[in-house]
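Keep in mind that the numbers below use all heavy atoms, side chains included, and drop hydrogens, waters and symmetry copies.
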Amino acid sequence: MQETLFCLKVRVGHLFRYSMSDSNTTDFTNPSTFILLGIPGLEAAHIWISIPFCAMYAIAMLGNFTILFIVKREQSLHEPMYYFLCMLAITDLLISTSTMPKMLSIFWFNSREISFSACLTQMYFIHSFSGMESGILVSLAFDRYVAICHPLRHSTILTNSVVAKIGLALVLRSGILALPYPFLARWWPYCRTNLIPHCYCRFIAVVKLACADIQIGSYYGLFNLVSVNGMDVFFIAISYTLILQAIFRLPTKDARIKTFGTCISHLCAILALYIPDFFSAFTQRFGHNVPPHFLVLIGNVYLLVPPVLHPIIYGVRTKEIRDRLLHLSTHKGT
């Protein structure tokens, strides 16, 4: 009897180990859902973290809608610079809305599940809108170059037709270059886990769960970073080199300061986008000893801060928008 019980225990133990081994290697190929963990290690502080995140989202929505409203309402602002500014505002609204509602639902309601298709869709929109935002800053740099270096030809170079074509080209560029991200993520098998240690479906965070060689994805992400953001920064640098040369040729110091002042808001917008972007990208790829919660926070900053700062920067630094905003507020007050 004892020998029988012993043999039964051994068989049950083998079955248990087999089932555990089988469950650990469950095929997650195209899993039905992923689980977003939020900020790993800071789960207890999710409610407190949600307060500044929600405030930034509200400011981004209010600020960018205000920019769109003012430009649409004021006929005198129907110029290339403000058209590009409207494109930037729309992109900021889209990139914030593609991430923040789900992020806040994780923080407030512990709603961590996201379907596989929704995860890939979010991934595509994040990378597409990020590329579009970068391209719009290049367009604004080109507008500043034409306005300062060729002021008499500004209206003939940057016509409404040219601005529309530039906008379409930016949409096509960012949309096409972002397509490989969801296709690569769908192509790889997932046999480890469906837990994503992030607040949203960032490409590198998702594909790290794949049971395959993901070097091609890592290389493509680096290629996209260099070819899109790197080239955009290069063209912006060329534009401002030519702008500075034109400014230094102006006869008086006051004229130089006044002309350079028209570029301050754009330079601040560039810094607000590219510093968090490059820092986040390189930290994710090479910061192997960086705490996970810091990586996630940096990833959130890179998406949330530019949409908040852009309307503030342009609202404060651009005299035309500031004057229209003050006029509207005083008009309503009376």
Side-chain angles (χ1 to χ4, degrees), residues 52-53 56-57 59-61 63-64 67-68 81-100 103 125-145 166-167 169-171 173-175 177-178 181 199-200 202-204 221-241 243 262-285 295-318 321:
F53 278 35
M56 286 193 292
Y57 182 51
I59 293 171
M61 298 295 287
N64 286 291
I67 294 289
L68 292 172
M81 173 185 169
Y82 300 103
Y83 291 146
F84 289 133
L85 192 56
C86 286
M87 294 180 196
L88 186 63
I90 292 171
T91 305
D92 284 339
L93 289 170
L94 292 174
I95 200 169
S96 298
T97 304
S98 66
T99 55
M100 275 306 302
M103 202 180 300
F125 283 139
I126 288 171
H127 290 284
S128 179
F129 295 147
S130 296
M132 201 180 305
E133 197 170 37
S134 178
I136 293 169
L137 291 183
V138 178
S139 303
L140 283 165
F142 179 64
D143 172 77
R144 290 297 84 208
Y145 160 74
I166 290 174
L170 293 177
V171 171
R173 184 193 73 159
S174 58
L177 289 176
Y181 288 114
C199 298
Y200 55 87
R202 189 170 187 174
F203 175 72
I204 195 68
L222 195 59
F223 162 77
N224 208 7
L225 179 69
V226 174
S227 63
V228 176
N229 291 8
M231 291 301 296
D232 287 349
V233 170
F234 174 73
F235 287 125
I236 289 172
I238 290 178
S239 297
Y240 272 95
T241 299
I243 287 171
T262 63
C263 303
I264 294 295
S265 56
H266 183 238
L267 289 172
C268 293
I270 290 170
L271 295 176
L273 176 67
Y274 288 120
I275 290 178
D277 190 3
F278 281 107
F279 185 75
S280 174
F282 284 110
T283 305
Q284 286 283 350
R285 283 170 174 79
L295 293 175
V296 175
L297 286 172
I298 290 298
N300 292 333
V301 166
Y302 127 79
L303 284 182
L304 294 178
V305 170
V308 173
L309 291 183
H310 287 160
I312 295 174
I313 290 168
Y314 281 101
V316 172
R317 292 295 312 177
T318 306
I321 293 179

Ile67 and His310: CA distance, side-chain angles, deciding distance, side-chain contact (heavy atoms from CB on, under 4.5 Å) verdict: CA-CA 10 Å; Ile67 294 289; His310 287 160; over 6 Å; no
Parallel, tilted or perpendicular, judged at 30° and 60°: which one describes the rings of Tyr181 and His127? parallel
Heavy-atom pair of closest approach, residues Pro307 and Ser96: CB-OG, 3.3 Å
Interatomic spacing from CD in Glu133 to CG in Leu170 - rounded to 0.5 Å: 12.0 Å
Between Thr97 and Met61, which heavy-atom pair has the shortest distance, and what is it? OG1-SD, 3.9 Å
Step through it carefully: locate the ring centre of Tyr240, locate the ring centre of His266, and say whether they are under 6.0 Å apart. yes
Which pair of non-hydrogen atoms, one from Ile243 and one from Ala141, has the smallest distance, and what is that distance? CD1-O, 4.2 Å
Where is the tightest heavy-atom contact between Asp92 and Pro306, given as atom of each residue plus distance? OD2-O, 4.1 Å
Using 0.5 Å steps for rounding, measure from the CZ atom of Phe53 to the OG1 atom of Thr99. 9.5 Å
Parallel, tilted or perpendicular: which one describes the rings of Phe129 and Phe125, with boundaries at 30° and 60°? parallel
Working to the nearest 0.5 Å, report the span between CZ of Arg144 and CD1 of Ile236. 13.5 Å
Passes side-chain contact (heavy atoms from CB on, under 4.5 Å), Tyr200 versus Leu303? Steps please. CA-CA 11 Å; Tyr200 55 87; Leu303 284 182; 3.3 Å; yes
Of all heavy-atom pairs between Leu140 and Leu85, which one has the smallest distance, and what is that distance? CD2-N, 4.4 Å
Does the pair Ser128 and Val171 meet the rule for a side-chain contact (heavy atoms from CB on, under 4.5 Å), with working shown? CA-CA 8 Å; Ser128 179; Val171 171; over 6 Å; no
To the nearest 0.5 Å, what is the distance between CG (Leu137) and CE (Met132)? 12.5 Å
Pair Cys268-Tyr314, side-chain contact (heavy atoms from CB on, under 4.5 Å): steps then yes or no: CA-CA 9 Å; Cys268 293; Tyr314 281 101; over 6 Å; no
Considering all heavy atoms, the nearest Ile95-Ile126 contact: CD1-O, 4.1 Å
Spacing of Tyr57 atom OH and Leu304 atom CG [to the nearest 0.5 Å]: 10.5 Å
